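To start, the structure itself, in C-alpha cells.
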Amino acid sequence: MEAVIQELESFAPEALSREKHKKIEGLKDLPGSTSKVVLRFAPNPNGPLTLGHSRGVVINSAYAEKYEGKVVLRFDDTDTRIKPPLIEAYDWIIEDYEWLAGKSPDVIIKASERMPVYLDHAEKMISEGYGYVCRCHVEEFRKFREQKKNCPCRENTISDNLDEWGAMISGKTSEGEAVVRVKTNMNLPNPALRDWPALRIQHTPHPLVGKKYNVWPLLDFQSAIEDHEQGITHIIRGKDLMDSTRKQSILYDHFGWNYPEPIYWGRVKVHEFGGFSTSGILSSINSGVFSGWEDPRLPTLRAFRRRGFDSQSLRELWREIGLTQKDISVSMQTLESFNSKILDPITERRSFVQGPIKLQISDEEIPQEVYCPLHPDGEIPGSRGWKMGNIVYIQADDLAPSVRLKDFADVKITETSLKIESEKRSDDRPIINWLPEQMARNAILVVPDGEKVNEVAGLVEDFNIEEGSIYQFERVGFAKVESVSEEIVRLIWLHK
RNA sequence: GCUCGUGUGGUGUAGUUCGGUCCAUCAUGACGGACUCUCGAUCCGUCGACCCGGGUUCAAAUCCCGGCACGAGCACCA
C-alpha cells in the first residue's frame with residue numbers, strides 16, 4: 001500500500017486528493033438557438049406586481065442580459081369581466097418592472113391595442129376551415145369533449161361560420177351564445193386539446209378601448225398570435241401552462257409557424273403568505289382587510305419596496321432558486337437573509353427604545369456628550385454625537401440592577417434613579433440600548449404580524465433621521481423611516 | 001375519469017443528458033463555540049437528504065420496470 005502511494009505521488013499526485021464537487025452557479029443555458037433571444041413577461045394588469053410575478057421579471061430580464069436579448073412586456077388585458085384591467089395598473093407594473101429589473105422593458109405592448117391582429121387571424125383561421133363558431137353551451141360542449149364526440153356546429157360550412165363570425169363581431173350575437181373554437185380533433189387523448197376555445201363575446205366595456213370590440217380572444221389564442229408577431233424565441237412559463245403550449249403548437253402547425261422554446265417552472269408558495277392571487281388581494285382591499293396595495297402585510301412589490309427591500313435581494317433569491325419544475329415553498333427568511341447582506345454594511349445604526357421607562361441620573365458630574373459609531377464595523381465612518389442631560393430612557397423589559405448603557409457606561413439602577421459606575425466596561429453585565437432625553441423623539445414602529453399590524457410605541461434617536469432612509473436599530477432590526485413630523489416619527493419594520 | 005408534470009437534508013438548490021471522479025454541492029436554518037460595547041455582522045464547528053420496491057451492472061441519485069406521494073390542465077380567467 002505504502003509503495004503504491006509513493007509511486008502515485010511520483011507520477012500522479014492529483015489522484016491522491018480528490019476534488020469535492022462544486023455547485024454550478026448561475027442560470028442554466030436556454031435550450032435551442034440563443035443567437036437572438038426574445039423573451040416576454042405577460043402579466044394581467046388587474047393589479048400591481050406581486051412576489052409571484054417577480055420571478056418572471058427577474059428570470060426573463062436575467063436571461064435577456066445573459067444573451068444580450070430583449071424582453072417584451074405584454075399586458076394580457078383581454079378579459080373585461082372576470083379579471084378586468086385596472087387602469088392604474090399598467091403604469092404600476094412598468095414601475096415595478098423597472099425597479100426590479102433595473103431597466104425598462106425593451107418593448108411594451110397591450111393586447112387590447114392589438115385587437116385587429118387577433119381578429120384578422122381568427123377570421124383567417126375560420127375561412128381556412130380551421131376554426132368554427134360553436135353555439136353549444138358550456139355544459140353541452142363539456143359532454144362532447146368527455147365523450148369524444150363532435151359537436152353539431154363542427155359540421156357547419158365555412159360560409160355559415162363566416163356569417164356567424166360577422167354576427168359575433170358586429171355585436172348581434174349576445175354574450176355567452178357563441179364562441180370560436182380551433183378545429184383540432186375530438187379524439188385527442190388529452191381532453192384539454194379537443195377543439196379548444198379561441199375567442200368569446202364580451203360586451204362589457206374595456207377600460208382602455210371601451211366598446212370598440214364585441215369579440216375578444218382568450219389567452220391561448222391571443223398569446224399564440226402575439227408571441228409569433230413579436231418573434232418570441234423562448235417562453236418561460238408556469239408548468240400549469242403546459243397544455244397551453246400543446247394547444248398553441250397545434251395552431252402554429254396550422255399557420256406554418258415555429259413554436260418558441262418553452263421552459264417551465266413549478267408553483268411557488270411562500271411560507272409566510274401561503275397562496276395568494278392578485279384578484280384575491282384586490283377583493284380584500286375592497287372589503288377593507290388591507291389598506292391598499294402597499295399594505296405592509298401584502299406580498300406586493302410595492303409593499304416590499306415600501307418596507308425597504310432592495311430589489312437586488314429579489315434578484316438573488318430567484319437566481320438561487322433558478323428554473324425547476326418542482327413545486328416549492330420558500331421562506332421569507334431566505335429573502336430577508338439576502339436583503340440583510342446587502343443592507344448591513346450600508347445602513348447606519350440608531351437607537352430605538354420600545355416601551356420606555358424614565359430614569360434619573362443621580363451623579364453630579366454627567367458628560368455633556370456621548371459618541372456612538374454610525375456603524376460598528378466602521379463600514380460607515382463617523383459617529384453620532386448625543387447631547388446628554390440627567391434624564392435617560394431604557395426599555396422596561398431591560399430593567400435590571402446593573403446594566404451597561406451601550407457605548408456609554410456601566411450603571412447601577414435603583415428604583416427610578418441611575419448611578420454611573422464606570423465608563424469603561426468593567427464586567428460582563430448585559431448591554432442595553434437607551435436614549436438621553438435630549439435625543440429622544442416619540443415614534444411608532446409599525447410591525448406587520450400575520451393578519452395584524454402591531455404599532456409599537458417607543459422613542460427613536462433624534463440624530464439625522466431622514467424620511468425614506470433605512471436604519472438598523474440596535475437590538476431591534478432594520479426599519480424604514482416612513483414619515484417624520486414634529487410630534488411623531490413613523491417607522492416601518494423590515495426584518496431582523 | 002382522461003392528460004401532463006415533479007419527487008435529493010427543516011427549506012431551497014448542484015449533480016441525473018453520456019452510470020464510477022458523489023460515504024452527494026452550495027445557500028438558508030437549527031445547535032454549539034470564537035470575536036464584538038446590538039439579540040446585527042464576521043469567523044469556526046456540528047446536525048441533516050438521493051420517495052418506495054424490484055431489476056441491469058464489477059459499480060446506480062444517475063439506466064429499466066412496477067408502485068406510492070404531491071401538483072397542474074380538461075374556464076365563454078390569465
Side-chain angles (χ1 to χ4, degrees), chain A residues 14-15 18-25 28 42-46 76-79 81-84 111 134 136-138 141-142 145-146 148 175-181 188-194 196-202 215-216 218-220 222-223 237-247 264 266-269 271 277-279 316-317 319-322 324-331 333-338 340-341 343-345 347 349 351 372-373 375-377 379 404-410 423-425 428-433 472-478 496:
Chain A
E14 71 278 3
R18 66 175 168 205
E19 223 172 274
K20 275 283 184 190
H21 267 241
K22 290 275 184 290
K23 175 170 176 171
I24 296 169
E25 301 284 350
K28 279 179 210 158
N44 180 338
N46 61 339
D76 278 351
D77 57 351
T78 54
D79 174 46
R81 292 186 58 187
I82 297 170
K83 295 177 181 171
C134 173
C136 300
H137 282 281
V138 209
F141 192 84
R142 185 176 299 136
R145 180 169 46 228
E146 280 164 9
K148 299 188 176 180
E175 278 191 35
E177 281 190 2
V179 68
V180 175
R181 296 188 178 280
L188 255 15
N190 185 344
L193 312 185
R194 297 172 195 156
W196 53 273
L199 303 99
R200 79 325 203 165
I201 299 166
Q202 287 189 134
V215 175
W216 289 81
L218 269 334
L219 171 81
D220 288 320
Q222 177 270 127
S223 175
R237 56 164 50 138
K239 66 176 182 179
D240 53 316
L241 261 31
M242 279 180 163
D243 282 342
S244 282
T245 298
R246 298 180 184 109
K247 289 183 210 174
Y264 306 99
R267 181 172 92 326
V268 183
K269 266 195 198 162
H271 289 150
S277 68
T278 306
S279 36
E316 284 175 18
L317 176 75
R319 270 174 208 253
E320 167 60 31
I321 289 172
T324 66
Q325 290 189 27
K326 277 195 265 184
D327 293 329
I328 57 168
S329 188
V330 296
S331 166
Q333 278 191 343
T334 311
L335 211 216
E336 290 169 1
S337 152
F338 282 122
S340 294
K341 282 192 175 65
L343 253 33
D344 190 78
T347 19
R349 306 298 132 120
S351 181
C372 312
H375 191 285
D377 309 325
E379 302 269 7
R404 178 168 180 83
L405 302 185
K406 190 173 186 304
D407 297 314
F408 175 44
D410 289 354
E423 290 204 13
K424 265 209 142 71
R425 184 145 167 74
D428 58 358
R429 64 182 71 191
I431 295 163
I432 65 167
N433 52 312
Q472 191 198 111
F473 293 94
E474 287 163 335
R475 299 178 70 222
V476 179
F478 295 95
K496 272 272 179 211

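Each chain gets a letter, A, B and so on, in the order its sequence line appears, and its residues count up from 1. Remember, it's a predicted structure, so these values are computed and weren't measured experimentally.
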For [X], all residues meeting ring pair (Phe, Tyr, Trp, His ring centres under 6.0 Å), sequence neighbours excluded:
| X | answer |
| --- | --- |
| A:F408 | A:W434 |
| A:F478 | A:H495 |
| A:W196 | none |

Which residues share a side-chain hydrogen bond (donor to acceptor under 3.5 Å, both in side chains) with A:R246, sequence neighbours left out: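 In terms of side-chain hydrogen bond (donor to acceptor under 3.5 Å, both in side chains), with neighbours along the sequence ignored, A:R246 is linked to A:D243.
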Between [atom2] of [N] and [atom1] of [X], the distance in whole Å:
| X | N | atom1 | atom2 | answer |
| --- | --- | --- | --- | --- |
| A:L343 | B:U42 | CG | C1' | 17 Å |
| A:D327 | B:U11 | CG | P | 14 Å |
| A:I328 | B:C70 | CD1 | C1' | 15 Å |
| A:L241 | B:C4 | CG | P | 17 Å |
| A:Q325 | B:G71 | CD | C1' | 12 Å |
| A:I24 | B:G15 | CD1 | C1' | 7 Å |
| A:R81 | B:C77 | CZ | C1' | 11 Å |
| A:M242 | B:C74 | CE | C1' | 16 Å |

When you get a sec, tell me which of [options] is the closest nucleotide to the side chain of [X]?
| X | options | result |
| --- | --- | --- |
| A:P191 | B:G40, B:G15, B:G1 | B:G1 |
| A:K326 | B:U38, B:G1, B:U13 | B:U13 |
| A:L218 | B:U38, B:G40, B:C77 | B:C77 |
| A:P189 | B:U38, B:C76, B:U3 | B:U3 |
| A:P197 | B:A72, B:C76, B:A78 | B:C76 |
| A:I431 | B:C2, B:U38, B:U13 | B:U38 |
| A:D240 | B:G40, B:C77, B:A72 | B:A72 |
| A:A192 | B:G73, B:C77, B:C76 | B:G73 |

What contact category does A:D79 fall into here, base, sugar-phosphate, or nothing, at under 4.0 angstrom with non-hydrogen atoms?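 It contacts sugar-phosphate atoms only.
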For A:T78, report the nucleic acid contact type (base, sugar-phosphate, nothing); a contact means any heavy atom under 4.0 Å.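 Sugar-phosphate, backbone atoms only, no base.
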Might you list the N or O atoms of the protein lying below 3.5 Å from N or O atoms in nucleotides 27-29 of chain B, with each pair's distance?
{"from": "B:U28", "atom 1": "OP1", "to": "A:K341", "atom 2": "NZ", "distance (Å)": "2.6"}

Quick check: do A:D344 and A:E379 have side-chain heavy atoms less than 4.5 Å from each other?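 A side-chain contact is absent here, since even the closest heavy-atom pair is not under 4.5 Å.
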Tell me every residue that passes salt bridge (charged side-chain N to carboxylate O under 4.0 Å, His left out) with A:E423, counting only those two or more places apart in sequence or in another chain.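 For A:E423, no residue satisfies salt bridge (charged side-chain N to carboxylate O under 4.0 Å, His left out) once neighbours in sequence are set aside.
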Checking A:T245 against A:R237 for the side-chain contact (heavy atoms from CB on, under 4.5 Å) test, could you report, in this order, the C-alpha distance in whole Å, the side-chain angles of both residues, the deciding distance, and whether it holds? CA-CA 10 Å; A:T245 298; A:R237 56 164 50 138; 2.7 Å; yes
Would you name the heavy atoms of A:T78 and A:R200 that are closest together and state the gap between them?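 In this case the closest contact between A:T78 and A:R200 is O-NH1, 3.3 Å.
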So what does the secondary structure string of RNA chain B come out as, 5' to 3', with Watson-Crick or wobble pairs under 3.5 angstrom, [ ] for crossing and | for pairs with another strand? (((((((..(((.......[.....)))((((((.......))))))...(((((..]....))))))))))))....
Under the rule for side chain to side chain contact (heavy atoms under 4.5 Å, CB included), what residues qualify as partners of A:S277, not counting sequence neighbours?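 With neighbours one apart ignored, the set is A:S279.
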Residue list, side chain to side chain contact (heavy atoms under 4.5 Å, CB included) with A:P376, at least two apart or on another chain: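 Partners of A:P376 by the side chain to side chain contact (heavy atoms under 4.5 Å, CB included) criterion, ordered by chain and then number, come out as A:R349.
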Determine: side-chain N/O of A:S340 to OP1/OP2 of B:G40, distance under 4.0 Å, yes or no.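 A:S340 to B:G40 OP1/OP2: no side-chain N or O under 4.0 Å.
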